[in-house]
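For the single chain, residues carry numbers from 1 onward in sequence order. All heavy atoms count here, side chains included; hydrogens, waters and symmetry mates do not.
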Amino acid sequence: MEVTRFGDPAAFLSAATPFLGRDEPRHNLLFGLTDTLIHQPDAYPAFHLWLALESGEPAGAMLQTPPYNLVLARPSSDAALAALVEAAVADTSPVPGVSGALGEAEAFAGAWADRTGGSWTRRMTQGIYTCRAVRDVPSTQGAPRVGVAADADRLLPLVEAFADEALIAQPVRDRARSAATTRARLHDEPGRGGFWLWEHEGAIVSISGHGGRTPNGIRIGPVYTPPEHRGRGFATALVRAQTSWLLENAVRSCFLYTDLANATSNGVYRRIGYELDCEAVELAFEEPQPQSGGVGAASAGNTT
């Protein structure tokens, strides 16, 4: 088993796609982030890409855009998982945690803790949903439209409000990068990235973004309705219209993440036609604490 580091996102995607494509919904975030690295090279100041190879064939993959979590694909063997853990430990960049589907993320975190003497906690549990055909939903007042560059000043406060409410558990918030990403999406080709808006009586009452292309799909989000406009079906109608357009014109599948503790949002997406593929988690790592006498527990493990 060997782990190869890639400095070229396009080369990494070419080598990893046959492996990642075995479960495209599960790996949609890793696909999408790599696509962003290729088409928006200034989006992240640094990145790391790893591919585990067994007899020359891909057996595991992971990505990091510091200072954010590692994003892990499902390894095909315990040996591939162990090799990826060793690669992460050996890297000079701090590893704040790991994100991925439940089984492999927790297995990685456990192996990381055993290797380093550290510990880990679960920060968030989400559902990865996929939609390949939309269902009818009740109509509501107002109408959808595609966001344009001139909407940026009205859109940015809503994106920030979404983050303040939904991403409170995340320790890293880069408001400048979020604003730049939002503005970049408004200039994207509609099938690659963008925002849809629901307007009623001249006001934007709900927003829904999309981006992060995969070979056959795209990820929906963020989805946000200000509190004063909730309970009127705006988000349901908006995501339904957006998803329908994307499926008809750009992709075969739409993916999205939900907080599984939020029964309302999960119910909304199911009514539209989204189906749960798997559970995903965000796990936080805690470095080992220094021991008495000044000897750090971080030296634990095989260093030969």
Novice: With a 3.5 Å cut-off and no angle check, do the side chains of T258 and N266 form a donor-acceptor pair?
Specialist: yes
Novice: With sequence neighbours left out, which residue pairs that include part of residues 47-72 fulfil the salt bridge (charged side-chain N to carboxylate O under 4.0 Å, His left out) condition?
Specialist: none
Novice: So, using side-chain contact (heavy atoms from CB on, under 4.5 Å) as the criterion, who are the partners of T264 when residues are at least two apart?
Specialist: N262
Novice: Do E106 and L283 come close enough that some side-chain heavy atom pair is under 4.5 Å?
Specialist: yes
Novice: How many angstroms lie between atom SG of C131 and atom CZ of R270, to the nearest 0.5 angstrom?
Specialist: 13.0 Å
Novice: Would you name the heavy atoms of A184 and Q40 that are closest together and state the gap between them?
Specialist: CB-OE1, 4.0 Å
Novice: Any pair with a residue in residues 23-53 that passes ring-ring contact (aromatic ring centres under 6.0 Å, His included), sequence neighbours left out, goes on the list, sorted by first then second residue, please.
Specialist: H48-W50
Novice: Can you list the residues that meet the ring pair (Phe, Tyr, Trp, His ring centres under 6.0 Å) rule with F6, with sequence neighbours excluded?
Specialist: F12
Novice: Does the side chain of L49 reach to within under 4.5 Å of the side chain of P9, using non-hydrogen atoms?
Specialist: yes
Novice: If hydrophobic clusters are built by linking Ile, Leu, Val, Met, Phe, Trp and Tyr wherever their side-chain heavy atoms come under 4.5 Å apart, do V268 and L246 end up in the same one?
Specialist: yes
Novice: Do D277 and T130 have side-chain atoms, one donor and one acceptor, less than 3.5 Å apart?
Specialist: yes
Novice: Among the clusters formed by ILVMFWY side chains lying less than 4.5 Å apart, do V239 and F234 turn up in the same one?
Specialist: yes
Novice: What pair of heavy atoms forms the shortest contact from M62 to A87, and how long is it?
Specialist: CE-CB, 4.2 Å
Novice: Using ring pair (Phe, Tyr, Trp, His ring centres under 6.0 Å) as the criterion, list what pairs up with Y129, not counting sequence neighbours.
Specialist: none
Novice: Please name all residues satisfying side-chain contact (heavy atoms from CB on, under 4.5 Å) with S99, sequence neighbours left out, ordered by chain then number.
Specialist: N69, E282
Novice: Please give me the minimum heavy-atom distance between P58 and A15, naming the atom from each residue.
Specialist: CG-O, 3.5 Å
Novice: Regarding E86 and R115, does a basic nitrogen lie under 4.0 Å from an acidic carboxylate oxygen?
Specialist: yes
Novice: If you take all heavy atoms of W120 and A113, which pair is closest and at what distance?
Specialist: CD1-CB, 4.1 Å
Novice: Step by step, would you call L70 with V95 a side chain to side chain contact (heavy atoms under 4.5 Å, CB included)?
Specialist: CA-CA 7 Å; L70 291 168; V95 181; 3.5 Å; yes
Novice: Are L84 and L53 connected into the same hydrophobic cluster when the rule is that any two of I, L, V, M, F, W, Y join if their side-chain heavy atoms are below 4.5 Å apart?
Specialist: no
Novice: I need the minimum non-hydrogen distance between Y257 and A280, along with the two atoms involved.
Specialist: CE2-CB, 4.2 Å
Novice: State the CG-CD distance between D164 and E160, to the nearest 0.5 angstrom.
Specialist: 6.0 Å
Novice: According to salt bridge (charged side-chain N to carboxylate O under 4.0 Å, His left out), does anything in residues 240-263 pair up with another residue at least two apart or in another chain? List the pairs.
Specialist: D136-R240
Novice: Once salt bridge (charged side-chain N to carboxylate O under 4.0 Å, His left out) is applied, what residue pairs with a partner in residues 59-78 remain, sequence neighbours excluded?
Specialist: D23-R74
Novice: Could you give me the CA-CA distance, side-chain angles and deciding distance for S77 and M1, then say whether side chain to side chain contact (heavy atoms under 4.5 Å, CB included) is met?
Specialist: CA-CA 10 Å; S77 68; M1 184 71 63; 3.9 Å; yes
Novice: Looking only at atom types and distance, does a side-chain atom of Q64 sit under 3.5 Å from a main-chain N or O of Y68, one as donor and one as acceptor?
Specialist: yes
Novice: I'd like to know if W245 and V223 are part of one continuous hydrophobic network [Ile/Leu/Val/Met/Phe/Trp/Tyr, side-chain heavy atoms within less than 4.5 Å].
Specialist: yes
Novice: Any chance you could measure L29, atom CG, to I128, atom CD1, to the nearest 0.5 Å?
Specialist: 8.0 Å
Novice: Donor-acceptor check, side chain of W198 to backbone of Q141, threshold 3.5 angstrom: yes or no?
Specialist: yes
Novice: Taking ILVMFWY side chains as joined if any heavy atoms are under 4.5 angstrom apart, and letting links pass through other members, which residues group with F255?
Specialist: none
Novice: Can you check side chain to side chain contact (heavy atoms under 4.5 Å, CB included) on R135 and I272, steps first, answer last?
Specialist: CA-CA 5 Å; R135 299 173 183 153; I272 294 169; over 6 Å; no
Novice: For the pair F108 and F285, name the ring-plane relationship: parallel under 30°, tilted 30 to 60°, perpendicular over 60°.
Specialist: parallel
Novice: Between CG of L238 and OG of S206, what distance do you get to the nearest 0.5 Å?
Specialist: 5.0 Å
Novice: How close do V85 and A111 get, heavy atom to heavy atom, and via which atoms?
Specialist: CG2-CB, 3.8 Å
Novice: For residues 145-158, which side-chain N or O atoms pair as donor and acceptor with protein atoms under 3.5 Å away, sequence neighbours left out?
Specialist:
{"from": "R145", "atom 1": "NE", "to": "E199", "atom 2": "OE1", "distance (Å)": "3.1"}
{"from": "R145", "atom 1": "NE", "to": "E199", "atom 2": "OE2", "distance (Å)": "3.3"}
{"from": "R145", "atom 1": "NH1", "to": "D151", "atom 2": "OD2", "distance (Å)": "2.9"}
{"from": "R145", "atom 1": "NH2", "to": "D151", "atom 2": "OD1", "distance (Å)": "2.8"}
{"from": "R145", "atom 1": "NH2", "to": "D151", "atom 2": "OD2", "distance (Å)": "3.4"}
{"from": "R145", "atom 1": "NH2", "to": "E199", "atom 2": "OE2", "distance (Å)": "3.1"}
{"from": "D151", "atom 1": "OD2", "to": "V148", "atom 2": "N", "distance (Å)": "2.8"}
{"from": "R154", "atom 1": "NH2", "to": "E199", "atom 2": "OE2", "distance (Å)": "3.3"}

Novice: Taking side chain to side chain donor-acceptor pair (under 3.5 Å) as the cut-off, I'd like each qualifying pair that reaches into residues 8-20, sequence neighbours left out, listed once.
Specialist: none
Novice: Same hydrophobic cluster for V3 and L81, using side-chain heavy-atom links shorter than 4.5 Å among ILVMFWY?
Specialist: yes
Novice: For the residue pair S253 and E24, establish whether any side-chain heavy-atom pair is separated by less than 4.5 Å.
Specialist: no
Novice: Do V89 and T116 have side chains that approach each other closer than 4.5 Å (heavy atoms only, starting at C-beta)?
Specialist: yes
Novice: Listed by chain and number, what are the side-chain contact (heavy atoms from CB on, under 4.5 Å) partners of R213, not counting sequence neighbours?
Specialist: D35, R192, I218, V251
Novice: Using the rule given for salt bridge (Lys or Arg N to Asp or Glu O under 4.0 Å), can you reason through R26 versus E104, listing the C-alpha separation, both sets of side-chain angles and the distance that settles it, and then say yes or no?
Specialist: CA-CA 11 Å; R26 192 183 200 95; E104 53 264 32; 2.8 Å; yes
Novice: Would you say that more than 12 heavy atoms from the other residues, nucleotides or ligands in this model lie under 6.0 Å from the CD of E2, or not?
Specialist: yes
Novice: Looking at CZ of R132 and CG of N216, how far apart are the two atoms once the value is rounded to the nearest 0.5 Å?
Specialist: 9.5 Å
Novice: Side chains of Y269 and T236: do they bring a donor and an acceptor to under 3.5 Å?
Specialist: no
Novice: For the backbone of V281 and the side chain of R122, can you confirm whether one donor and one acceptor N or O come within less than 3.5 Å of each other?
Specialist: no
Novice: Go through the steps to decide whether F195 and Q242 satisfy the test side chain to side chain contact (heavy atoms under 4.5 Å, CB included), and finish with yes or no.
Specialist: CA-CA 9 Å; F195 276 87; Q242 176 191 30; over 6 Å; no
Novice: More than 12 heavy atoms of other residues, nucleotides or ligands under 6.0 Å from CD of E189: yes or no?
Specialist: no
Novice: After noting the C-alpha distance and the side-chain angles of E286 and R123, does the key distance pass the salt bridge (Lys or Arg N to Asp or Glu O under 4.0 Å) rule?
Specialist: CA-CA 12 Å; E286 296 180 7; R123 185 182 296 133; over 6 Å; no
Novice: Working to the nearest 0.5 angstrom, can you tell me the gap between L33 CG and L13 CG?
Specialist: 11.5 Å
